[in-house]
Each structure stands twice: as C-alpha cells, then as structure tokens.
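The sequence lines fix the lettering, A, B, ..., with proteins before strands; numbering per chain opens at 1.
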There are 2 protein chains.
Amino acid sequence: MSLEDQLYDFVFAYDAAFERAAQDSGLSGAQACLLVQIGRGSRTMGELAADLVCDASNVSQLVRRLESRGLVVREPDPEDRRTRRVSITDAGRETSRAVEKRFTLPAERVGRLAKAEREQLSRLLAKVSGPEVGPEPTG
Amino acid sequence: MSLEDQLYDFVFAYDAAFERAAQDSGLSGAQACLLVQIGRGSRTMGELAADLVCDASNVSQLVRRLESRGLVVREPDPEDRRTRRVSITDAGRETSRAVEKRFTLPAERVGRLAKAEREQLSRLLAKVSGPEVGPEPTG
DNA sequence: TATTGTTATACTCTATAACTATA
DNA sequence: TATAGTTATAGAGTATAACAATA
C-alpha cells in the first residue's frame, strides 16, 4: 500500500471514530467539534467561523442547536454589541469531556508507539504541516 | 503542540483539501469519494455501502446524483438480478481524474519528505493502523 | 457606509422505515 | 422467508442572499 493510501486510511478511520464519539453523546460531528472548540475558551461567532473555515450562517445554526440543549450560551459583548461571545456551560463541559473520553482513537493509536517513535512521528508531522507552498509538478 | 493536536490538524487540513478538490469539479466530498472508489473498479450498491461504512439508502441517493450527471451507470447483474453493478463512464473517469489532480495535498506534503523519512512515516502509519484493540468491548 | 450576526431558502448528506423485486 | 436495492421521510450540515443591529 502506498504512503498516500496509508494517509487516506488513517484519516478515514480518524473521522469515523470522531463521528461515533460525538453520536454517543447525541451530537453530530460538527456540533461536537464546535463544542470542544468553545470549551477551550469563549469565542465570538466570527472566530468560530474562522476556526471551522465555514460560513457564519452555518455557525449560527450549529450554535443555536447547542444552545437549545443548554450546552453553550451566547452573550453580547459589552464593548461591541454587534458581536456575541459564545461560552460553554457546565452541562456543555460535561458533554465535551464525554466526547473527548469516547474519542479514544488518537490516544490508543499513539499508545502503540514507543517514545522514540512518537518523537519521530511528531517531527514528520511538523514537516508535512503548514500551508501548501504551491502546485507541485509531480512528474 | 501535542502529537494528538498535530494529528487533528493534519486530518482537518486533509479533509478540507479533499472537499475543495471535489467542489472544484462541482461535486460534494461524498460524491467525489464515491466516484473515485467506483473508478477503481465496478461495485455493487452493497459493496459501496460497506466501503463507505454508511447505509445503503444513502448510497442509492449519492449514486443517483452521480448517474444523473452521467458520471456512472447502474446495470443489473445478469447472475443475480437483485444486485446492480455501478460502473464509471468516460465522463466520470475524466471528472475523477480532475478531482485527484486537484487534490494536491497528499503528494505535496509527502513531497516535503526525503526518501528515508517517507519510509519512516510509512512504518509508523502501519503501526498505528488496523482495528483498535483497546478497552472497548464492542457490544 | 462597513461589520457582525441572524434568518430565509435551497440543496446535499444521512439514517430509519416501508416498499419492490428477486432469490 | 431472506436479500439487494429503492423510495419516502425527516433532521442536520452547509452556503448564498437578504436582513437587522451596531459601529
């Protein structure tokens, strides 16, 4: 199997595992992703759209669904009342932790590697990360 | 940044890049994924559902959309007329290649690595692949 | 006027349940 | 009866366009 096929398979398994972890808490993958993000610190709607690289109207609906379940709250920013800060609630924190706990794939997979291998992998990932520089003449 | 965060970032970038490549050809990510799969060899509807780990009714709709664009065809299997084999058309082949060509991320990222590094990465990916053995008794 | 966010709308993705056709 | 696939339906994800509120 080619290295590119290996990458595909890993990503496929990763995505599926996250989706399952989310659904175990009654959330969609998109909702869980957003909830975990908000759990790391309050965000404005615009910041969330930037984080998820999606349209603001999409974030509006996702946040509305999370809020309707009591997992997050939207509050107007006192300094600029156009913006709304989204924060996680206690119930949201609990759900977020449940999702992360259920999402065992990364820890389990990384746990298969020895310390030196983890350092190798980290170095390789750092090298393949970051923005694409340009079209590659793979000829 | 932790190794797990590095994995998250890589997967996020990978998914986004595939989605963009698909949309450049007027397809959704799911449609493009299916089309590429069919391009590797004709499949029955059930096989496609197994490949994508999703419900058969979902495949029915995805294939119907691809077929309505003339990218694939469904034909009854002469030996068991319940099953239908899905094959790619010439137009579908062209579109599939366009998607793969646009999906430059894997080649570009792998291209940043020296040969020895690619072998390292391949070995590490092999080690972290395969079904989870962990504490989850799949019940 | 520009920016932040929401709402209306339309399309796709996806699963469940009910259905058809074949075995 | 069991299997392969489709259709009806419903909820969710997503983007575009139109809108409201604030700057």
Over how many whole Å does the gap from [X] atom [atom1] to [N] atom [atom2] extend?
{"X": "A:Arg85", "N": "C:dG5", "atom1": "CZ", "atom2": "C1'", "answer": "14 Å"}
{"X": "A:Arg64", "N": "C:dG5", "atom1": "CZ", "atom2": "C1'", "answer": "13 Å"}
{"X": "A:Asp80", "N": "C:dT3", "atom1": "CG", "atom2": "C1'", "answer": "8 Å"}

Handout entry: Under 3.5 Å side-chain donor-acceptor pair for A:Gln6 and B:Ser129
Key = no
Going by atom type alone, with no hydrogens or angles, which donor-acceptor pairs under 3.5 Å involve a side-chain atom of residues 43-54 of chain B and a protein atom two or more places apart or on another chain?
from	atom 1	to	atom 2	distance (Å)
B:Arg43	NE	B:Asp51	OD2	2.9
B:Arg43	NH1	B:Gly41	O	3.3
B:Thr44	OG1	B:Glu47	N	3.1
B:Glu47	OE1	B:Thr44	N	3.0
B:Asp51	OD2	B:Gln37	NE2	3.0

Handout entry: Base-paired stems in DNA chain C, each at least three Watson-Crick or G-U pairs under 3.5 Å
Key = C:1-23 with D:1-23
Problem - Non-neighbouring partners of A:Glu119 that pass salt bridge (charged side-chain N to carboxylate O under 4.0 Å, His left out), sequence neighbours left out - result: A:Lys115
Practice task
Give a yes or no on whether a salt bridge exists between B:Glu117 and A:Arg123, defined as a side-chain N under 4.0 angstrom from a carboxylate O.
Solution key: yes
Suppose the criterion is ring-ring contact (aromatic ring centres under 6.0 Å, His included): which pairs have a residue in [range], not counting sequence neighbours?
{"range": "residues 50-73 of chain A", "value": "none"}
{"range": "residues 108-131 of chain A", "value": "none"}
{"range": "residues 77-106 of chain B", "value": "B:Tyr14-B:Phe103, B:Phe18-B:Phe103"}
{"range": "residues 37-70 of chain A", "value": "none"}

Practice task
Indicate the atoms forming the closest heavy-atom contact of B:Gly70 with B:Ala91, along with that distance.
Solution key: O-CB, 3.9 Å
Practice task
With a 4.0 Å heavy-atom cut-off, tell me which residues in residues 48-62 of chain B come close to DNA chain C, sorted by residue number.
Solution key: B:Cys54, B:Asp55, B:Ser57, B:Asn58, B:Gln61, B:Leu62
Practice task
Assign B:Arg74 to base, sugar-phosphate, or nothing according to its heavy-atom contacts below 4.0 angstrom with the strands shown.
Solution key: sugar-phosphate
Practice task
Tell me, please, which residues at least two apart from B:Ser60 pass side-chain hydrogen bond (donor to acceptor under 3.5 Å, both in side chains).
Solution key: none
Handout entry: Terminal contacting nucleotides, 5' and 3', DNA chain D versus chain A (heavy atom, 4.0 Å)
Key = D:dA12 to D:dA23
Handout entry: Results of ring-ring contact (aromatic ring centres under 6.0 Å, His included) for A:Tyr8 - residues two or more places apart only
Key = none
Handout entry: Residues in contact with DNA chain D, drawn from residues 26-43 of chain A - heavy-atom cutoff 4.0 Å
Key = A:Ser28, A:Ala30, A:Gln31
Handout entry: For A:Leu34, the option from A:Leu66, A:Val86, A:Leu71, A:Val72 that meets side chain to side chain contact (heavy atoms under 4.5 Å, CB included)
Key = A:Leu66
Problem - CD/A:Glu4: more than 12 non-hydrogen atoms of other groups inside 6.0 Å - result: yes
